[in-house]
Amino acid sequence: MRLYALAFGAHPDDVEMSCGGTLSMLHRHGKSFGIVDFTRGEMGTRGNATIRAKEAKEAARILGADVRVNLGISDSDIERSRKNLLKVVEVIRKYQPEIVFAPYREERHPDHVHTHQLVSNAMFYSGLRKLKTGTLAAYRPRRAFYYMQHRTFIPTVYVDISNDFETKVDAIKAHKSQFFNPASKDPETVLSTPEFMDYLLGRMRYFGRMAGVRYAEPFWTLEAVTITDFDSVI
Ligand SMILES: [Zn+2]
């Protein structure tokens with residue numbers, strides 16, 4: 001199955017928080033996409049691997065994902081090994097995405113940094129014909145868009161998610177074990193406080209303001225983004 005986009009995240013709710021609105025927009029525009037989680041998030045303070053897998057499935061359904069894949073790498077132990085690199089190469093070759101979403105290079109959580117590095121490297125190596133991965137043919141995606149998590153950066157691209165922020169919030173809330181839930185007996189984390197959703201909404205609103213729209217998601221691209229049609233940006 002060929003997909004238009006693949007969104008990689010270290011943990012099962014990373015993609016929803018960082019580029020969920022953009023993925024929802026792609027889906028509304030008839031573009032296919034998949035979510036690839038590196039780990040099952042089993043080291044998270046709240047929930048466990050089984051609960052999180054169910055929540056991830058529901059969140060993917062809400063966003064309109066065509067597939068959600070888990071690479072089964074150990075949470076808090078995303079090694080930049082050849083073995084893990086080849087797992088990412090294989091998934092890129094299998095789905096042949098035009099575009100890839102991944103964490104930005106600087107992050108608080110080392111798992112996010114390692115995910116950035118593995119995805120960036122795999123985007124190149126997956127195009128090498130002599131690097132064999134079974135019957136999967138060599139393939140190189142056209143462009144990576146790096147999303148914002150804890151650390152901020154000056155974006156090179158903003159995506160207008162004004163029509164998608166509600167879907168994004170619903171997808172985030174599908175991760176019931178991770179976010180605010182007065183009935184939960186798990187220890188509180190930064191994510192599970194009621195203020196966390198305010199912060200996420202505030203950030204989408206802030207970047208919306210910068211982009212001249214209501215809500216936006218920020219991205220960083222290594223290559224320049226070129227305009228071919230001014231009507232699309234004015
Ligand atoms: Zn994460």
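Whatever order the structure lists ligands and atoms in, that order sets their numbers, starting from 1.
The ring pair (Phe, Tyr, Trp, His ring centres under 6.0 Å) search around Phe8 returns none, not counting sequence neighbours. For His116, the ring pair (Phe, Tyr, Trp, His ring centres under 6.0 Å) partners are Tyr146, not counting sequence neighbours.
Residue pairs meeting the side-chain hydrogen bond (donor to acceptor under 3.5 Å, both in side chains) criterion with at least one member in residues 54-71, sequence neighbours excluded, are Glu16-Arg68, Asp37-Arg68, Glu55-Ser177, Glu58-Arg61.
Of all protein atoms, those that are N, O or S and lie under 2.8 Å from the Zn ion (ligand 1) total 4.
In this structure, His27 and Phe33 have perpendicular ring planes: the angle between them is above 60°, well past the 30° mark. Taking the six-membered ring where the residue is Trp, Trp220 and Tyr104 present perpendicular rings, their angle passing 60° and hence far from 30°. Between Phe196 and Tyr199, the two ring planes are tilted [angle within 30° to 60°].
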